Amino acid sequence: MKLIFLGPPGAGKGTLAVKAVEILNIPHISTGAIFRSAIADQSLLGLKVKAIIDAGKLVDDETTIELVKERLVRDDVKTGSILDGFPRTIPQAEALAAFSEADKVVNFDIPDSSVLERLGGRRVCRKCGHNFHVIFDNPKKEGICDYCGGEVYTRDDDKAEAVQKRLEVYRTQTAPLIEFYRNRGILVDVDARPAVDEVVENFKKALGRS
Ligand code: AMP
């Protein structure tokens, strides 16, 4: 099954994707995670995108589409994939439709107030990418990942100014994808406000798997 996870930053797409991988046994492809790992490696791609990402802006369509095209030819996506954070613009969605049409697009619905609360407290492991939260899910040892021992830090783009920019970018450039996919008849809405376990149930129901 080819899935796309759509929703504003902080909707919990990444957290849900980890659960969805267990349920559906297909790989999770996060363009944001690929960019962050390129930045950590200080590769050419990383050097090119770091300032853009830190400011909460979008990487250009051409670079992002190329990255996803390269990823979607690997063997592990033959049975499906979860695209998380891609597409984020209409040109990206059109490009994707030309080489790999999705079966379903899951729209994680959440108000801005919840997004601000979630992103303000989000902490991420620099090594394995696991998400923590200062109120809901603190690592057992401060600053250290429970799962791999990596450093737990605040993403530069989770700082207040960048979050405002990301929400604005979401509204103007990404939210139009909701109608784009609704018109194609493949969009399902999932209420992303409750705690993770309930969102997982909502997600299963939306896919007809509960
Ligand atoms: P995410 O982890 O999905 O929140 O992505 C983090 C950042 O990576 C975004 O704020 C963008 O700067 C960049 N990014 C991720 N996916 C895309 C995309 N599909 N198009 C453009 N930029 C992206």
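Remember, predicted model here, so these are calculated numbers, not experimental data. As the structure lists them, so they are numbered: ligands from 1, and atoms in each ligand from 1.
When non-hydrogen atoms are compared, ligand 1 lies under 4.0 Å from the side chain of Asp157 (C-beta onward) but not from its backbone. Contacts between Gln173 and ligand 1, counted as non-hydrogen atom pairs separated by less than 4.0 Å, are absent for every part of the residue. Proximity of Val59 to ligand 1, defined as any heavy-atom pair under 4.0 Å, is shared by backbone and side chain alike.
The ring-ring contact (aromatic ring centres under 6.0 Å, His included) pairs that include a residue from residues 50-108 are Phe5-Phe108, where partners are two or more places apart or lie in different chains.
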What do the steps show when you test Arg182 against Glu179 for salt bridge (charged side-chain N to carboxylate O under 4.0 Å, His left out), and what is the final call?
CA-CA 5 Å; Arg182 213 184 286 287; Glu179 281 321 299; 3.5 Å; yes
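Open room surrounds CD on Glu62; 12 or fewer heavy atoms of other groups in view lie less than 6.0 Å from it. Under a cut-off of 6.0 angstrom, the local environment of CZ in Arg155 is crowded, with over 12 non-hydrogen atoms contributed by other residues, nucleotides or ligands.
Considering only non-hydrogen atoms, atom 15 (C) of ligand 1 lies nearest to Arg88 out of Arg166, Arg88, Lys165.
Taking the ring axis of Tyr153 as reference, the NZ or CZ atom of Arg126 stays within 45° of it and closer than 6.0 Å to the ring centre.
Electrostatic pairing of Asp158 and Arg166 counts as a salt bridge here, judged by a charged N lying under 4.0 Å from a carboxylate O. Salt-bridge formation is not detected for the pair Lys165/Asp54: no Lys NZ or Arg NE/NH1/NH2 atom is positioned less than 4.0 Å from an Asp or Glu carboxylate oxygen. Between Lys50 and Asp157 there is no salt bridge, since no side-chain N of the basic residue sits under 4.0 Å from a carboxylate O of the acidic one.
Ligand 1 is never approached by Ile52 to a heavy-atom distance shorter than 4.0 Å.
In the vicinity of Arg155, heavy-atom distances shorter than 4.0 Å reach the ligand 1 atoms 1 (P), 2 (O), 4 (O), 6 (C). Counting the atoms of ligand 1 from 1 in the order shown, those under 4.0 Å from a heavy atom of Phe35 are 8 (O), 13 (C), 14 (N), 15 (C), 23 (C). Less than 4.0 angstrom separates some heavy atom of Thr64 from each of these atoms of ligand 1: 18 (C), 19 (N), 20 (N), 21 (C).
Of the N or O atoms in Gly85, one or more lie within a sub-3.5 Å distance of an N or O in ligand 1. The shortest N or O to N or O distance between Thr31 and ligand 1 is below 3.5 Å. Checked against a 3.5 angstrom limit, the closest N/O atoms of Arg36 and ligand 1 fall inside it.
Protein heavy atom closest to atom 20 (N) of ligand 1, with residue, atom name and distance, is Gln92 NE2, 2.9 Å. The closest protein non-hydrogen atom to atom 8 (O) of ligand 1 is Ile53 CD1, 3.6 Å. Lys57 O, 3.5 Å is the protein heavy atom nearest to atom 11 (C) of ligand 1.
At a threshold of 4.5 Å between non-hydrogen side-chain atoms, the residues Thr174 and Thr89 do not count as touching.
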